[in-house]
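This is a predicted model, so every value here is computed, not measured. Any value given below was found using the heavy atoms of this structure, including those in side chains, with hydrogens, waters and symmetry copies removed. Below, chain A is the first sequence line, B the second, and so on; all start at residue 1.
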Amino acid sequence: MTSNVSQPIQGTTDIVPPDIYGWQKIEDQARTILARYGFDEIRTPLIERSEVFTRSLGQATDVVQKEMYAFEDRGGRNIALRPEGTAGVMRYIAGAGPEAQDARLYYLGPMFRAERPQAGRKRQFHQLGVEVLGAPNPIADVECISLQVHLLKEWGIDNATIHINTRGLFDDQEAIKKGLKKSLEPHLQDLCKDCQRRYKVNVLRILDCKNEKCGHVVVNFLDAINDLLSDESKQYFNEVLEGLKRLDIPVVVQPKLVRGLDYYLHTVWEVMHLALGAQDAISGGGRYAIQVGSKTTEGVGFAIGLERILDVLRAGEKTNAKPTKKVDVWLASQGQDALYENLVLAYSLRVQGIRCGLDLKQKSLKAQMRNANRAGVSYVIICGEEEIVKETFLLKDMDNGTQEELNRSQLMEKLTSLQQIGD
RNA sequence: GUGGGUGUAGCUCAGCUAGGUUAGAGCGACAGGCUGUGGCCCUGUAGGUCGCGGGUUCAAAUCCCGUCACUCACCCCA
């Protein structure tokens, strides 16, 4: 079979035709929609100083602790491949002028996490992310979610469910962690092994444990958690829900929803889709506050996993990825002289905007015709020894099989006029 | 890091349970039928260290051990 050296490394993949057309399509659609919402694209580096991530995502998070590709470069600097997009954007904002403080930015590109790959999870994967800065208003969260809904609609994805929750202010989160620890202490032995570990490391994670037993324990404390939220947090969340209601966007309030990164506060949400396997979140987002240097930037945003979007589309056979045809005209030739003629002709036609396929393999005419047919062209130009002598070309109509003999200028004229009709 | 499944032609797979001549099919590729003309049809040709290494055996794609890769799931996340 394939040798190791010809394979991409584990968790990475080559994106090639026909799949690449599916990627281009969803990217084009996304850019169109994002422009309507007034977003500008930002392209930050794939590598950053490690601290850009450790400081903003949280030193204790799994993403930082065990999933980050981190290394020392030749100058002894600690570098990491970005595991997500928000931190890099915030690093940019912190160093940018005041005009950037209320930017609306999106990014699109690869992220890297050193996890065991499985369905819907690669080590190099692609996210489309959006950040709305300097708008400390629940309406901004709502607008963000509406954009997300709009994108899914544009891609043709329905049956997605939005789960939403509030984490409250940072002070609330501390109170909740304390309260939850206290409440769970007597029930520790009823929790699964993982949750006993989580109790020490990250109590909130116990809330969204998939284990049934843990769910039964946790459900009793959800109301108590809600009571620990400050009035300000409750008010904020209610306004988010009100805005969603006015836009008629259905959401499921999911008190168990916790997101893994430390920078979130107030609203958090996830979009799930049933067509996917165990990794069923196609998107996640929330409001955050990230400190870089002495400056704290607040914003709201989300990231969409593009591989997972394409998985959903494939499950519904909605990719429509294949272009109908790559070229308009195929140029077949017999002999080196004729190939030269075709080379020159193809250049002129391409300058005129006509997509040309040029047969370079010098195979039999039959084989060249077969290639032309496969390429799906409507016309083939044939140049052989006879045509060289007569200084003509044969133009064959592939739909009805007829062909006519034309000189160069007649041919150019005919094809450019056909192209205009085609447009 | 832990557990399950799978590795046979370019692709999709059969063959393995009860080891036995030259390892098959479909699709694709290439060539011919039609000596300068595509699709449809027919015929033929090429293409394989059966993932890799070791073991058992007169004999291994098949049984055993190891190893690597892919894949699904756990943890966690998009």
Side-chain angles (χ1 to χ4, degrees), chain A residues 1-13 57 60-68 82-86 108-129 148 192-195 197-198 201-202 205 208-211 258-261 269-273 276-286 301-312 330 332-335 338 359 361 363-388 394-403:
Chain A
M1 269 246 71
T2 331
S3 64
N4 283 349
V5 288
S6 65
Q7 281 185 323
I9 63 174
Q10 188 179 40
T12 69
T13 188
L57 309 195
T61 56
D62 276 17
V63 170
V64 165
Q65 276 200 334
K66 52 180 213 187
E67 295 169 10
M68 205 158 73
R82 63 180 188 190
E84 58 94 64
T86 302
L108 180 66
M111 307 295 164
F112 305 86
R113 291 185 198 173
E115 306 170 274
R116 265 310 252 286
Q118 69 187 71
R121 191 169 69 188
K122 297 277 183 193
R123 286 183 171 174
Q124 175 174 340
F125 60 102
H126 297 77
Q127 284 188 340
L128 164 65
Q148 201 170 14
C192 70
K193 245 194 284 172
D194 284 323
C195 281
R197 182 178 52 82
R198 290 186 183 113
V201 184
N202 193 349
R205 289 255 134 235
D208 64 353
C209 179
K210 287 175 187 171
N211 192 305
V258 182
R259 293 185 50 76
L261 310 177
W269 68 89
E270 258 173 36
V271 184
M272 323 289 226
H273 201 284
L276 298 176
Q279 311 305 322
D280 59 353
I282 52 181
S283 177
F302 60 82
I304 299 180
L306 295 181
E307 278 83 358
R308 293 183 186 178
I309 294 297
L310 287 162
D311 285 345
V312 171
W330 194 264
S333 59
Q334 290 274 275
D359 219 307
K361 286 188 184 168
K363 287 193 181 177
S364 69
L365 188 57
K366 185 183 182 131
Q368 294 188 50
M369 293 303 289
R370 196 162 45 225
N371 288 338
N373 188 58
R374 217 169 279 152
V377 298
S378 304
Y379 293 94
V380 175
I381 291 165
I382 301 167
C383 184
E385 286 158 25
E386 241 176 79
E387 287 75 24
I388 293 286
L394 279 179
L395 180 66
K396 175 160 184 171
D397 184 326
M398 293 295 275
D399 296 329
N400 58 28
T402 61
Q403 55 189 35

Review point. Looking at residues at least two apart in the chain, or sitting in another chain, which of them share a salt bridge (Lys or Arg N to Asp or Glu O under 4.0 Å) with A/D280?
Key: none
Check your understanding: Base, sugar-phosphate, or nothing: which does A/R123 touch, judged by heavy atoms less than 4.0 Å apart?
Key -> nothing
Review point. Which is true for A/Q279 with a 4.0 Å heavy-atom rule: it touches a base, it touches only sugar-phosphate, or it touches nothing?
Key: base
Exercise for review: Could you let me know what B/rA25 is paired to, Watson-Crick or G-U wobble, both distances under 3.5 Å, or none if it's on its own?
Suggested key: B/rU12
**Study point:** Rounded interatomic separation in angstrom, taking CD1 from A/I9 and P from B/rC68
**Key:** 17 Å
Review point. For A/A119, which contact category applies under a 4.0 Å heavy-atom criterion: base, sugar-phosphate, or nothing?
Key: sugar-phosphate
Study note, to complete from the structure: Applying the 3.5 Å cut-off to both distances, the Watson-Crick or G-U partner of B/rC70 turns out to be B/rG5
Study note, to complete from the structure: Mate of B/rU56 across any strand shown (Watson-Crick or G-U wobble, both atom pairs under 3.5 Å) is none
Review point. Is any side-chain N or O of A/Q10 closer than 4.0 Å to OP1 or OP2 of B/rC70?
Key: yes
Revision key, fill the gap. Whole-Å distance, A/L57 CG to B/rC76 C1', equals 13 Å
**Study point:** Nearest-Å distance for atom pair CG/C1', residues A/L276 and B/rC72
**Key:** 14 Å
Review point. Starting at CZ of A/R197 and ending at C1' of B/rC75, how long is that distance when rounded to a whole Å?
Key: 7 Å
Study note, to complete from the structure: In B/S/- notation (B base, S sugar-phosphate only, - none; protein heavy atoms under 4.0 Å), nucleotides 33-44 of chain B written 5' to 3' is B--BBBB-----
Exercise for review: Could you check A/P117 against A/V258 and say which one's nearest nucleotide on RNA chain B is further toward the 5' end?
Suggested key: A/P117
Review point. Is the closest basic N to carboxylate O distance between A/E115 and A/R121 below 4.0 Å?
Key: yes
Exercise for review: Name the nucleic acid region contacted by A/R116, choosing base, sugar-phosphate or nothing; use a 4.0 angstrom heavy-atom cut-off, strictly under.
Suggested key: base
Check your understanding: Hey, is the side chain of A/R121 poking within less than 4.0 Å of OP1 or OP2 on B/rA73, counting only N and O atoms?
Key -> no
Review point. Base, sugar-phosphate alone, or nothing: which one does A/K363 contact when heavy atoms must sit under 4.0 Å apart?
Key: sugar-phosphate
Exercise for review: With sequence neighbours excluded, tell me which residues meet salt bridge (Lys or Arg N to Asp or Glu O under 4.0 Å) with A/R198.
Suggested key: none
Point to revise | Interatomic distance where NZ belongs to A/K122 and P belongs to B/rA73 [whole Å] | key: 12 Å
